[in-house]
Amino acid sequence: MANNEDHFKKVISHAKEYGYIFGSSEIYDGLSAVYDYAQNGVELKKNIREYWWRSMVYMHQNIVGLDAAILMHPTTWKASGHVDAFNDPLIDNKDSKKRYRADVLVEDFAEKQEVKAQKEITKAKKRFGEAFNEEEFVTTNARVIGYREKKAEILNTMARLLEAEDLAGVKKLIEDLGIVCPVSGSKNWTEVKQFNLMFGTKLGASADTATDLYLRPETAQGIFVNFANVQKTGRMKIPFGIAQTGKAFRNEIVARQFIFRMREFEQMEMQFFVRPGEEMKWYEYWKETRLNWHKSLGLGEENYRFHDHEKLAHYANAAADIEFNFPFGFKELEGIHSRTDFDLKAHEEHSGKKLQFFDPEMNESYSPYVVETSIGLDRMFLAVFSKSLQDETLEDGSTRTVLKLPSILAPIKAAVFPLVKKDGLPDVAKEIIEALKWDFNVLYDEKDAVGKRYRRQDAAGTPYCITVDHQTLEDQTVTIRDRDTMKQERIPIYVISERLNHSISYQQWLS
Ligand code: GAP
């Protein structure tokens with residue numbers, strides 16, 4: 001198995017080679033942290049979105065959908081706190097003229113302590129062999145304890161300084177730790193400044209009358225401002241949820257790690273409105289429900305973990321991330337936040353409109369509390385794609401690259417081949433395509449030897465290959481080859497559809 005860095009490089013090149021992801025406007029040398037989804041990528045992305053939508057909206061009678069506009073009244077972002085507080089602390093290096101997120105510089109430095117601790121653990125593992133007890137070692141070895149204490153101390157100091165908005169203190173911390181610019185190697189830093197992450201734009205044609213707007217940095221606010229509309233027209237009763245998928249924009253300064261952190265990305269968010277006082281019960285419910293959704297895809301339960309937030313945003317009374325084991329380690333994939341009544345109250349205050357619910361059982365009106373689930377569609381794409389991409393050594397010693405996407409998410413469900421390009425086999429294969437295309441995304445391929453065609457579809461992530469051969473002409477059967485087991489089976493043509501249906505049944509996957 002290639003190391004993580006190599007695997008990540010392979011993920012990026014494979015995504016390009018097999019028509020999943022291209023850099024944006026590549027012919028002009030691209031635009032940093034903006035990506036285009038290609039012929040297979042757009043299908044995978046659509047299927048992930050659909051898998052989320054069905055599990056959230058169709059599986060819950062009390063959750064409905066919404067598609068709010070990207071452009072919203074500018075007061076929205078004042079009320080939500082984004083105008084004042086959606087900032088990153090930035091610092092420039094005067095020699096390289098490079099700009100960094102100050103907190104990321106410190107985090108990266110702190111992470112080096114963990115790397116040192118890991119080196120000690122690896123060394124000890126080698127030395128003690130079978131007898132090595134890692135749990136005991138990390139709790140007793142003075143070096144490991146020292147490195148980890150130093151890391152915690154650095155991170156705590158930074159969290160304290162940021163909370164106090166002590167930007168001069170953050171700069172001093174960077175200087176005290178001796179952090180150098182990765183490009184120039186110098187410690188010649190500017191002051192730390194706050195930088196708002198929202199993209200501005202203008203509404204209107206003339207410069208003097210145009211209104212300043214923002215591209216939404218999260219989809220959630222479109223749900224909050226529509227709370228009363230949806231509640232009334234849908235006759236929704238608490239508890240109920242509103243789900244939405246759509247683009248969000250953030251002027252990320254440290255945009256890296258491929259589609260993990262983008263400037264234009266897509267979110268899948270759901271706001272669940274509950275009675276005040278019941279939010280913790282629902283918070284726990286959604287943590288579990290969302291983790292189960294991830295596990296349902298079969299990418300390996302060991303690849304998920306919760307990270308409960310200790311430091312909470314001003315509007316939250318509980319928050320956790322579902323972290324995924326990406327090629328660069330465990331990182332946030334989804335957030336579950338108990339957002340109290342902060343947003344609805346803030347919009348009430350700024351708009352002067354009532355955003356409350358009259359609870360007939362309690363015979364009173366109140367501002368509901370909100371539990372939010374928020375996942376990045378692109379990040380989910382990266383999670384699925386990176387874990388599915390595998391190099392395998394086969395029994396005969398040969399190797400293959402296979403993209404073991406869950407079949408429910410695979411862009412192409414089946415490829416249909418004529419064994420050879422003659423004897424009427426292409427016509428039969430095309431007839432099968434014509435019959436299947438109404439229900440499934442299928443692909444016809446007659447180029448190259450059949451073995452090569454199998455490998456091509458393995459690498460593209462197609463779960464089934466159906467081959468029409470001379471026997472098909474006699475008994476109306478074909479072979480169906482499973483991408484993961486590589487086993488072939490002979491089945492009648494009329495059974496193909498049933499087979500494919502079974503492999504992409506939401507009931508099979510989601511229940
Ligand atoms: N409404 C809450 C909210 O937006 P967030 O933690 O800022 O919370 C939620 O974002 C999710 O959106 C993250 O867990 C991540 O999956 C995704 N996300 C956030 N910023 C992103 C970016 N720059 N690129 C790709 N995905 C991003």
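First listed ligand is number 1; within each ligand, the first listed atom is number 1.
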Closer than 4.0 Å to some heavy atom of [X] - which atoms of ligand 1 meet that?
X: Arg261; answer: 22 (C), 23 (N), 24 (N)
X: Met262; answer: 22 (C), 23 (N), 24 (N), 25 (C)
X: Glu332; answer: 6 (O), 13 (C), 14 (O)
X: Glu269; answer: 1 (N), 2 (C), 3 (C), 4 (O)
X: Gly376; answer: 11 (C), 12 (O), 15 (C), 16 (O), 17 (C)

So do the side chains of Tyr304 and Leu299 get within less than 4.5 Å of each other, counting heavy atoms only?
-> yes

Does Leu333 come within less than 4.0 Å of ligand 1, judged by its heavy atoms?
-> yes

Measuring from the heavy atoms of Arg339, does anything fall under 4.0 Å of ligand 1?
->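 Yes.
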
Less than 4.0 angstrom from a charged side-chain N to a carboxylate O is my criterion; do [X] and [Y] meet it?
X: Arg483; Y: Asp458; value: no
X: Glu50; Y: Lys46; value: no
X: Lys287; Y: Asp308; value: yes

Anything under 3.5 Å between a donor and an acceptor, one on a side chain of residues 32-42, the other on a protein residue two or more places apart or in another chain? List them.
residue	atom	partner	partner atom	Å
Ser32	OG	Arg263	NH1	2.9
Tyr37	OH	Asp378	OD2	2.6
Asn40	ND2	Tyr18	O	2.9

Donor-acceptor list for residues 337-346 side chains, cut-off 3.5 Å, not counting sequence neighbours:
residue	atom	partner	partner atom	Å
His337	ND1	Glu372	OE1	2.6
Ser338	OG	Asn317	OD1	2.6
Arg339	NE	Asp343	OD1	3.0
Arg339	NH1	Glu372	OE1	3.1
Arg339	NH1	Glu372	OE2	3.0
Arg339	NH2	Asp343	OD2	3.0
Thr340	OG1	Tyr315	O	2.9
Thr340	OG1	Phe342	N	3.2
Asp341	OD2	Lys345	NZ	2.7
Asp343	OD2	Gln221	NE2	3.2

Could you say whether the N/O atoms of [X] and ligand 1 ever approach to under 3.5 Å?
X: Ala220; result: no
X: His337; result: no
X: Arg250; result: yes
X: Pro217; result: no

Please determine if Arg379 forms a cation-pi arrangement with Phe260, meaning its NZ or CZ atom is less than 6.0 Å from the six-membered ring centre and no more than 45° off the ring axis.
-> yes

Six-ring centre of Trp293, Arg290 cation under 6.0 angstrom, axis tolerance 45° =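 Yes - Arg290 lies over the ring of Trp293, closer than 6.0 Å to its centre and within 45° of its axis.
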
Any sub-3.5 Å donor-acceptor pair from Gln244's side-chain atoms to Ala68's backbone N or O?
->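 Yes.
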
Location of contacts on [X] toward ligand 1, heavy atoms closer than 4.0 Å:
X: Glu334; value: backbone
X: Glu372; value: side chain
X: Arg379; value: side chain

Going by atom types only, do Lys10 and Thr401 share a side-chain donor-acceptor pair under 3.5 Å?
-> yes

Top protein contact for [atom], by heavy-atom distance:
atom: atom 18 (N) of ligand 1; answer: Phe265 CE1, 3.6 Å
atom: atom 25 (C) of ligand 1; answer: Phe260 O, 3.2 Å
atom: atom 12 (O) of ligand 1; answer: Gln267 NE2, 3.3 Å

